[in-house]
Every structure is written in C-alpha cells, then in structure tokens.
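See below for the structure under consideration.
In this chain, residues are counted from 1 in sequence order.
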Amino acid sequence: MKSIEIKGTARTIAERSSEQARALKAIRKDKGVPCVLYGGGENVHFTVPADGLRNLVYTPHIYVVDLIIDGKKVNAIMKDIQFHPVKDTILHVDFYQIDESKPIVMEVPVQLEGLAEGVKAGGKLALQIRKLKVRALYNVIPERLVVNVSHLGLGKTVKVGELKYEGLELLNAKEAVVCAVKLTRAARGAQAAAGN
C-alpha cells in the first residue's frame, strides 16, 4: 500500500459547544479542516490545510497516512470524511491510528481482469461494487483486489462469497454481486437465433 504524508497542527477543544462551533467555523474560514485521530488511547484533535488533503481524498488509490502533528509522526488510515452538502468542500476527517499487531477495516478498490466469455458472446460486463470492505493487518492489505472474470458467461455473476484473498476477511454480504455479465439486446437476439 502506498503512503502519503500529511502535516497537521494540534488544536484544543473548547468546553462549551457554542465556543467549539465558533472555533470550527474559524478553522474552516482559514481554509483548514478539523480532524480527529482515534485509536491511540487518547483522541488527538488537529487541523490540516484543505490543500494538504487533496491527494488523499480525490484519488482512486488507498493510502497509509504518515500523519505529522506538531512534528510527531503517527501511521494512520482515513476512517471517515464529511463533505459540505452544497459546496462539496471537506468539513471534517477522522483518522485511525494503525497498530501493527491489530487488524484494521478498510475499503479496497476492485479491479476486474480478463475478457469474460459472456462479453465475447455479446454481453456487457458491469462492475456492481467498486470497493470491498476488508479486515486485515494493514501491511497485508493490497492496493486493489483483482477479480478474474475470464470464466464468466452470459447472465452470470461473481458474488463476494466466491472470492478468497490470503490474510483478508471480506466483510460485505456473501450474496452481494461484485460483477455481472448482463445480456444485451444483441446477445438476446443471437441466443434466440441459436435456439431456432
């Protein structure tokens, strides 16, 4: 898994919620993003410049984050992100500190590989789930989960329960369809003609 460095500055949390709301508004006005780091015993509240999150958020890749908060380095993953409902700017990010001995839960992109039999017969390959949720030690998690579709015929699917990856536990529902070869009008016509 690739790593990315993000620098932040620790911030204190106000006692009263009204003061806290004002502080968060001021951070966002200065083009900062309030963040919280969980998993290291005590939660760490910090601020990151919005530009510093661009390469982490707007990418199809997954990263281990080298968080540097006031000069102190911590390995983490991005756990949750909140966007403004209208402007689509980043409002808040949660990070989770990595413990090398404990498994983490992360969403990993799916990559289809091979030319499906059903596509050769005129069907259309459709990816239904773009990311699968996995539980594993962070150093075992791959950058993407490759699914070979060469064997897939017309109208056939690959379900989560059929996939196996060493060292990874897939958390999605076993019956969830990852990809399918859908019948197109042309393929239906060819099937009907072959049947006559």
| Going through the checks in order, is the side chain to side chain contact (heavy atoms under 4.5 Å, CB included) test met by I104 and I141? | CA-CA 9 Å; I104 57 170; I141 297 175; 3.8 Å; yes
Between [X] and [Y], is any pair of side-chain heavy atoms under 4.5 Å apart?
X	Y	value
M78	V93	yes
H92	V36	yes
R11	P34	yes
V108	L168	no
L170	L145	yes
Y63	L56	yes
D94	Y96	no
I98	V64	yes

| said: According to salt bridge (Lys or Arg N to Asp or Glu O under 4.0 Å), who are the partners of R130, at least two apart in sequence or on a separate chain? | reply: none
List for me each residue that meets side chain to side chain donor-acceptor pair (under 3.5 Å) alongside [X], sequence neighbours excluded, and say none if there are none.
X	value
Q128	none
R22	none
S101	D99
N148	S150

Compare every heavy atom of [Y] with every heavy atom of [X], then report the nearest pair and how far apart it is.
X	Y	answer
H151	V158	NE2-CG2, 4.4 Å
G123	L154	CA-CD2, 3.5 Å
G8	V48	CA-CG2, 4.0 Å
V149	G114	CG2-O, 3.5 Å
G167	A136	O-CB, 3.3 Å
T157	A180	CG2-CB, 3.7 Å

Are [Y] and [X] co-members of a hydrophobic cluster defined by side-chain heavy atoms under 4.5 Å apart?
X	Y	result
V44	I77	no
V140	V134	yes
L183	L115	yes
V147	V181	yes
I90	Y38	no

To the nearest 0.5 Å, what is the distance between [atom1] on [X] and [atom2] on [Y]?
X	Y	atom1	atom2	value
F83	D88	CZ	CG	6.0 Å
E169	K133	CD	NZ	12.0 Å
T59	R54	OG1	CZ	12.5 Å
I129	C179	CD1	SG	9.5 Å
I62	Y138	CD1	OH	12.5 Å
I6	N55	CD1	CG	8.5 Å

| query | Tell me the salt bridge (Lys or Arg N to Asp or Glu O under 4.0 Å) pairs involving residues 103-123, sequence neighbours left out? | reply | E117-K120
| task | Return each pair, listed once, that meets salt bridge (Lys or Arg N to Asp or Glu O under 4.0 Å) where at least one residue sits in residues 142-159; pairs must be two or more places apart or across chains. | result | K2-E143, K159-E175
| query | Other than I27, what residues sit in its cluster of Ile, Leu, Val, Met, Phe, Trp and Tyr side chains whose heavy atoms are under 4.5 Å apart, directly or through others? | reply | L24
Listed partners of [X] passing side-chain contact (heavy atoms from CB on, under 4.5 Å), at least two apart:
X	value
P103	R135, L137
A50	V33
A76	L37, L67, F95

| side chain to side chain donor-acceptor pair (under 3.5 Å) partners of residues 64-86, not counting sequence neighbours, each pair once | none
| With a cut-off of 6.0 Å (strictly less than), are more than 12 heavy atoms of other residues, nucleotides or ligands near CD of E100? | no
| request: Please step through side chain to side chain contact (heavy atoms under 4.5 Å, CB included) for the pair L125 and L152, ending with a clear verdict. | output: CA-CA 9 Å; L125 184 64; L152 219 53; 4.3 Å; yes
